[in-house]
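Comments concern the structure below.
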Amino acid sequence: MKGGLVSETGAVLHSERRPTPRAEGPDAVVAAIRDFISHLATAGDGTPEGVGLAVPGLVSETAASYAANLGWRDVPASDFTTLDVPVLLGHDVRTGGLAESVFGAGRGISDFLFLPIGTGIAGAMIIEGAPYGGSSGWGGEIGHVPVFPDGEQCACGQLGCLETYASAASVGRRYSLRAGLEGVRAEQVVSSDDPIAIEVWDEAVEALSLALATYTLLLDPSLIVLGGGLSEAGPALFDPVRTRLVKRLTFRDAPPLVPAALGVDAGMLGAALLGWRAAGRPDLGPDWSTDVRSAPSVS
Ligand SMILES: [Zn+2]
């Protein structure tokens, strides 16, 4: 878990990480979040005006409806804090997308895709200026778009999902399996020029370019923002994906592919925007700085 106390000018006054006590059950995680928020609140001069949280799974502004990996079912927003202030919840990836949209790589752009590629892959579809969750909140699960018919089975049960080929975890896993090694990480695969690494990376790039072509044709974004751990690969990721995306799209231009601006802080800063929105300040954010890594941090 990562939390911070963020001022109305976007200054991160204090930020901190804590482990998620997942093994202790769903209620223990909620209790740990309550403690964490109370602790963060003491880092400022007074009581915060609002609280925002970015949480995984199926989420509305007022409840964490379902999170498979945390065991949550219908946890109301008010359960997450004992502070007497308004609270807003957001989906983790869409909240990161909100921050990138308001003052990050997508600042001033009304339609774009924010795609963090890490252990898994999920997208925040920014449509007409706001993250779009679809009719039931599952919108943006681009990691589970089938890219190779009858391909490898994904943890979700489907076959040939994007995430199975192109997440950082999958790139490491697929290489390790073929090379007969254990625990090779995606960064090592990207920077290696052995034939197995080239093949595994090529399949990841192919899967990504297919999914991004589909997204582009359906939603016509003016920008695609790649984030997450795998985006640190830089040109080794951006160049081949861009080339194939351009080649795949015959009758229209490909949107530019750019790196995310807020890194691992996107979720926390998006949650801060939600906190200020909860406090009745929806106008804050456009003038916040992307230079958040210099903020004081205790980890
Ligand atoms: Zn899947």
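Indexing begins at 1, ligand by ligand and atom by atom, following the structure's order.
- At a threshold of 4.0 Å, the pair Glu8-Arg277 does not count as salt-bridged, since none of the basic side-chain nitrogens sits closer than that to a carboxylate oxygen.
- Ordered by chain and number, His144 ND1, Cys154 SG, Cys156 SG, Cys161 SG make up the set of protein N, O or S atoms under 2.8 Å of the Zn ion (ligand 1).
- Atom CD of Glu61 sits in a sparse spot, with 12 or fewer heavy atoms from other residues, nucleotides or ligands closer than 6.0 Å.
- In this view, Leu210 and Val147, Phe148, Glu206, Arg248 satisfy the side chain to side chain contact (heavy atoms under 4.5 Å, CB included) rule, not counting sequence neighbours.
- Arg18 has no carboxylate O lying under 4.0 Å from a charged side-chain N of Asp35, or vice versa, which leaves the two without a salt bridge.
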inquiry  = Between Tyr175 and Asp194, does the side chain to side chain donor-acceptor pair (under 3.5 Å) criterion hold? Intermediate values first, please.
reply    = CA-CA 11 Å; Tyr175 176 85; Asp194 74 80; 3.0 Å; yes
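- A salt bridge links Glu199 and Arg178; the closest N-O separation between the charged side-chain nitrogens and carboxylate oxygens is under 4.0 Å.
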